[in-house]
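What you are looking at is a predicted structure, and each value in this text was computed from that prediction instead of being measured. In listed order, ligands and their atoms are each counted from 1. We're numbering straight along the sequence, starting at 1.
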Amino acid sequence: MTLIKFCGTRSEEDYKAALRSKADFIGFIFADSKRRVTATQVKAWKTSNTPGSKKLIGVFVNESPEVIKKTAQQAGIDGIQLHGSETPEDVKNLKKETSLTIFKTIHHSSKALEQMKLFEGMVDGYIIDTKTPEGWGGTGTSFDWEAVPAYSKEAEEQNVFCLIAGGITPDNIKDLLAFKPHGIDVSSGIESDERNDERKMMIMSEAAKKSYQAPDALGRYGSFGGKYVPETLMYALEELEEAYKSIKEDEQFHNDLWKELSEYSGRPTAVTYAERLTEHFGGARIYLKREDLNHTGAHKINNALGQALLAKKMGKNQIVAETGAGQHGVASATVAARFGLSCKVFMGAEDMKRQELNVFRMRLLGAEVIEVTSGGRTLKDATNEAIRHWVANVEDTFYLIGSVVGPHPYPMIVRDFQSVIGSESRRQLLERTGKLPDEVVACVGGGSNAIGMFHPFLEDEEVKLTGVEAAGKGVDTSLHAATLSKGRKGVLHGSLSYLLQDEDGNITEPYSISAGLDYPGIGPEHAHLHETKRVNYVPATDSEAMAALETLCQLEGILPAVETAHALAHVEKTAPKMNKDEIILVCLSGRGDKDVHTIQNVLEENE
Ligand SMILES: O=C(O)c1ccccc1N[C@@H]1O[C@H](COP(=O)(O)O)[C@@H](O)[C@H]1O
């Protein structure tokens with residue numbers, strides 16, 4: 001997927017349209033132009049419409065450092081684009097004096113590559129534009145795009161990205177995309193009658209972010225997914241689907257959600273370069289997406305906040321949830337406390353023993369934790385009970401499902417709320433390294449952290465995606481939870497996917513050291529991505545996961561959740577075989593404080 005910067009925003013309407021679009025960057029012209037705006041205007045638009053994860057960029061042409069700094073500060077923007085003949089010295093000084101992101105525009109010419117080299121190590125990205133006698137930029141004139149790969153290569157060597165500007169329109173964008181630019185930057189091409197035209201923005205966005213379409217109208221991912229539920233739940237699912245459709249288009253909802261994600265949960269989460277781990281394996285550079293730094297210690301809160309806001313919007317004041325490792329239970333109890341909702345969490349008796357601390361946390365947060373003693377007394381059984389409770393109380397109860405499982409529209413809703421993980425890390429890595437990762441790795445139980453991480457990378461064919469399943473005592477024993485490696489198609493909890501089952505189709509008991517991966521099914525979208533071979537699913541055993549957990553603790557000072565350690569176990573296998581200039585991005589889905597007892601028991605047994 002290509003980065004998008006929509007520039008020349010000159011009214012609150014333009015700004016709102018850019019916020020609704022798929023732009024990664026929104027540009028404002030502070031230079032001489034018909035599109036010029038003031039810092040006061042930008043500040044006012046920003047105050048009444050928060051930009052969420054989009055970055056605001058101010059464009060300047062040969063402006064004094066004092067004016068640039070003052071304007072940026074007044075407007076409250078994230079970065080500056082120097083679009084004139086600014087020198088490396090000017091950039092160096094600005095970099096020293098501000099913490100702003102700096103993009104340098106280089107005008108296409110036979111000297112452009114040499115000029116880029118002069119700014120090496122000083123800028124966060126390049127814009128390549130056309131200069132004409134009419135102006136420094138915004139002229140609607142394109143250059144010969146045969147030159148694009150050379151510009152991208154130079155930027156990659158400098159570990160930054162390069163956006164292409166100049167005369168890009170809905171009619172010619174596909175010609176440019178054939179040269180695989182890192183991103184596009186457009187002013188004139190999105191305008192009609194002196195204002196930004198949302199239809200043009202949409203055409204450009206669709207072309208640049210050519211999106212993978214799933215689920216279909218019936219909630220199917222290929223042949224998987226769907227709604228296999230009793231009649232009593234059909235109405236509730238339709239009501240939910242309608243409500244979700246309306247909030248998806250609702251700017252206010254997205255603003256409210258981003259406010260919670262940022263002010264309450266602490267997003268964006270960091271991407272950490274694991275330097276000592278990288279050296280230890282001697283291969284690919286390893287980057288960790290730190291979902292463990294979220295409030296409550298895992299990625300689960302992203303989805304819980306989204307669904308709780310949706311529940312409020314639907315006028316439901318009771319939440320019911322299931323939990324395995326307890327992380328989703330804690331996240332649900334947390335959001336219920338924050339929004340003043342009542343909360344019941346169903347949890348298997350076995351998991352309650354393994355995750356005693358999280359049971360205590362949920363109760364402390366005011367939730368009722370209901371022990372489930374049926375079946376294997378783990379996540380599957382807790383989910384059965386939560387669904388049963390929902391069927392009986394559907395009028396005022398919202399089922400806050402914790403993974404990309406269950407009947408449509410749940411897998412889609414959870415995926416969308418978790419995709420913030422992948423879209424944030426995609427942008428963060430491009431900003432940091434100038435390239436996309438070569439491989440992205442995440443652990444998979446039901447699969448919510450993995451789908452959230454993978455989804456924004458699905459169109460990037462060059463990025464290898466790897467999901468790691470829990471192989472327990474080994475996939476050739478009966479003690480594992482490796483659904484895709486060892487399962488068959490079947491229906492569980494309202495959707496068709498791969499399941500662990502015996503010859504007669506009875507669900508078999510999964511096993512994993514980690515309560516969060518101990519589920520006999522997997523989200524239907526993962527089943528589809530497995531069948532289409534877009535994602536490669538591999539197993540990791542308990543002992544491989546525990547070894548990887550110790551390595552991360554000792555080399556990076558990060559205690560990961562036992563679930564997350566399965567993803568790290570795959571990194572141990574693959575990183576040493578990769579080249580030093582390759583990059584692995586790992587979803588560090590949660591922190592391991594909740595697992596300290598389990599870890600202690602295992603390590604003591606091994607002594
Ligand atoms: O857009 C302007 O008016 C402008 C004025 C002065 C310097 C840069 C300007 N815009 C930049 O030009 C390209 C977009 O060009 P086009 O209109 O799509 O051909 C982009 O980098 C803008 O940031």
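- Each of N255, D250, D256 was compared with Q252 under the side-chain hydrogen bond (donor to acceptor under 3.5 Å, both in side chains) criterion, and only D256 meets it.
- Here Y264 and H295 bring their ring centres to under 6.0 angstrom of each other.
- Partner of E260 under the salt bridge (charged side-chain N to carboxylate O under 4.0 Å, His left out) criterion, out of R267, R338, K312: R338 alone.
- Using cut-offs of 30° and 60° on the angle between ring planes, the pair F161 and F25 is tilted.
- Residues Y126 and Q158 bring a donor and an acceptor atom of their side chains to less than 3.5 Å of each other.
- Annotation: ligand 1 has protein neighbours K5, C7, I29, S33, R35, V59, V61, Q81, H83, I127, D129, G137, G138, T139, G140, T141, A165, G166, G167, D185, V186, S187, S188, each with a heavy atom less than 4.0 angstrom from the ligand.
- In this structure, R10 pairs ionically with E194, as a charged nitrogen and a carboxylate oxygen lie closer than 4.0 Å.
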